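Predicted model, so just to flag it, every value in this text is computed and none were measured. Each ligand, and each atom within it, is numbered from 1 in the order the structure gives.
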Amino acid sequence: MTGKTGLDLEQHQKEALERIAAAPDKGALEQLRVQVLGRKSALSQELSRVGALPPEERREAGKQANAAKRAIESAFADRARALRDAGAGNLGVAEAIDLTFPGRPPRRGHPHPVSLVMRELEEIFRGLGYDIARGPEVELDYYAFEALNIPLGHPARDAFDTFFVVPPDSDGTVDPDVETRVLLRPHTSPMQVRYMESHKPPIKVVIPGKTYRRDNDATHVPVFHQLEGLLVDEGVTVADLRGTLEYFARAMFGDDRRIRLRPDHFPFTEPSLEVHVSCFQCDGKGCSLCRHSGWIEILGSGMVHPNVLRFGGVDPERYTGFAFGIGIERIAMLKYGVDDLRSMLDPDLRLVRQF
Ligand code: PHE
């Protein structure tokens with residue numbers, strides 16, 4: 001049947017449907033869509049001519065042309081769906097999985113820089129014949145302060161910013177019974193007296209562990225680590241302390257290091273000595289790491305106070321000893337060039353993986 005305007009709609013539709021059904025892929029189908037339904041297509045021209053027909057013929061002609069258009073449109077949709085479904089069936093070939101390809105190895109765990117330094121320290125002191133002991137993190141006031149020559153009310157207590165397990169009353173008064181008051185140890189020194197209570201001299205021990213203080217900024221965090229050292233024997237002097245800590249500084253920071261001792265104050269040592277190591281970055285010439293002094297403070301130490309020996313059941317007339325406390329995070333930061341202490345507590349694995 002020829003339309004009122006000349007195009008054989010039926011024939012046109014039949015041909016279009018055949019070509020659509022034969023379109024080999026999405027691209028060909030799109031090209032065909034422009035040809036068959038585009039503005040310049042025979043069908044579009046036919047539709048635009050319909051408007052020019054006399055009204056009595058316009059209705060019928062419009063109906064026929066629109067029906068042909070809808071049939072063609074739905075044929076396009078069917079073909080597009082068929083092509084898509086066929087494509088999905090080919091996925092196995094198109095995105096083939098090579099089962100012989102080696103797998104991605106699982107990431108292995110990695111020790112934190114604090115653990116690395118701790119292990120290294122334990123190795124150094126084990127090499128010098130020290131025993132390794134551990135003590136409670138939840139500690140009695142007695143061992144944390146009293147037995148370290150820091151009685152209740154002593155101003156040195158303030159420096160330790162202690163977390164008390166049973167906090168002071170609202171009026172600031174604290175349970176006066178130091179035998180039962182409980183706290184999170186603010187240093188590893190309480191183990192000095194605990195260890196002396198259970199071991200007779202000669203004593204050579206290091207105590208690694210976690211310590212707690214109410215503090216939080218770029219140079220202080222509430223949880224950190226220390227390694228306590230204690231040596232008690234007959235005739236121990238500052239020269240022994242010096243030799244031991246110089247050996248440690250060289251093992252840790254390199255054979256060329258020197259140390260120097262500066263007066264300090266701790267109630268549990270007399271004399272108390274701050275230990276500085278010659279800067280391992282500039283070799284003592286002065287740089288930003290050592291604040292242009294050539295020296296870096298690495299630990300606190302001293303000769304064990306006679307009162308502390310007595311608290312530990314050791315006769316100060318017969319024995320002397322030295323003790324030291326090393327801040328592990330500080331050593332790790334110096335060794336690995338980290339400048340914010342808080343990053344030592346950062347759970348971000350990207351940070352840990354750098355070491
Ligand atoms: N306990 C001290 C501190 O935490 C360090 C120290 C240990 C000093 C042993 C002297 C002897 O600051």
Side-chain angles (χ1 to χ4, degrees), residues 114 117-118 121 125 130 132-137 139-151 154-163 183-196 203-215 219-233 236-238 240-245 248-249 259-277 296-309 311-312 314 316 319-332 341:
V114 166
V117 167
M118 201 60 117
L121 283 169
F125 286 101
Y130 282 70
I132 295 177
R134 282 164 217 278
E137 290 171 25
E139 184 54 283
L140 290 170
D141 185 302
Y142 174 77
Y143 290 106
F145 294 123
E146 198 74 9
L148 288 174
N149 208 26
I150 316 176
H154 193 292
R157 284 183 174 238
D158 296 347
F160 289 95
D161 300 306
T162 309
F163 284 110
L183 44 80
L184 299 184
R185 65 177 178 195
H187 53 170
T188 43
S189 300
M191 274 302 284
Q192 290 185 23
V193 173
R194 279 186 181 275
Y195 199 84
M196 287 189 278
I203 286 170
K204 256 174 117 174
V205 66
V206 288
I207 301 106
K210 279 200 180 71
T211 47
Y212 302 83
R213 288 187 200 177
R214 298 172 44 168
D215 235 338
T219 54
H220 301 87
V221 285
V223 191
F224 57 105
H225 299 76
Q226 289 187 338
L227 181 109
E228 190 81 10
L230 177 69
L231 184 144
V232 181
D233 202 348
V236 178
T237 69
V238 174
D240 298 308
L241 176 153
R242 198 195 147 87
T244 301
L245 295 177
F248 149 71
I259 63 163
R260 72 178 188 188
L261 308 179
R262 286 292 176 271
D264 200 346
H265 179 75
F266 299 102
F268 36 95
T269 46
E270 182 58 38
S272 299
L273 298 160
E274 200 176 81
V275 176
H276 297 189
V277 62
I296 298 172
E297 185 203 327
I298 52 166
L299 58 91
S301 67
M303 300 306 289
V304 181
H305 195 286
N307 287 350
V308 176
L309 291 173
F311 273 113
V314 172
Y319 295 103
T320 51
F322 65 77
F324 55 88
I326 303 175
I328 307 305
E329 278 79 359
R330 183 167 167 78
I331 302 287
L341 180 53

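- Contact check on Arg157 versus Glu146 returns a salt bridge, with a Lys/Arg side-chain nitrogen under 4.0 Å from an Asp/Glu carboxylate oxygen.
- Every side chain to side chain donor-acceptor pair (under 3.5 Å) that Arg194 has, sequence neighbours left out, goes to Glu139.
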Show me the donor-acceptor pairs within less than 3.5 Å that the side chains of residues 265-273 make with the rest of the protein, sequence neighbours left out.
| unit_1 | atom_1 | unit_2 | atom_2 | d |
| --- | --- | --- | --- | --- |
| Thr269 | OG1 | Ser272 | OG | 2.7 |
| Ser272 | OG | Phe266 | N | 3.0 |
| Ser272 | OG | Phe266 | O | 3.2 |
| Ser272 | OG | Thr269 | O | 3.0 |

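- A 4.5 Å side-chain heavy-atom check between Arg262 and Glu297 finds every atom pair outside the cut-off.
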Inventory of protein N or O atoms under 3.5 Å from ligand 1 N or O:
| unit_1 | atom_1 | unit_2 | atom_2 | d |
| --- | --- | --- | --- | --- |
| ligand 1 | 1 (N) | His187 | ND1 | 3.0 |
| ligand 1 | 1 (N) | Ser189 | OG | 2.8 |
| ligand 1 | 4 (O) | Arg213 | NH2 | 3.0 |
| ligand 1 | 4 (O) | Gln226 | NE2 | 3.0 |

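- Taking the ring centroids of His154 and Phe145, they lie at or beyond the 6.0 Å cut-off.
- Here Thr188 pairs with Gln226, Glu228 under the side chain to side chain donor-acceptor pair (under 3.5 Å) rule; sequence neighbours left out.
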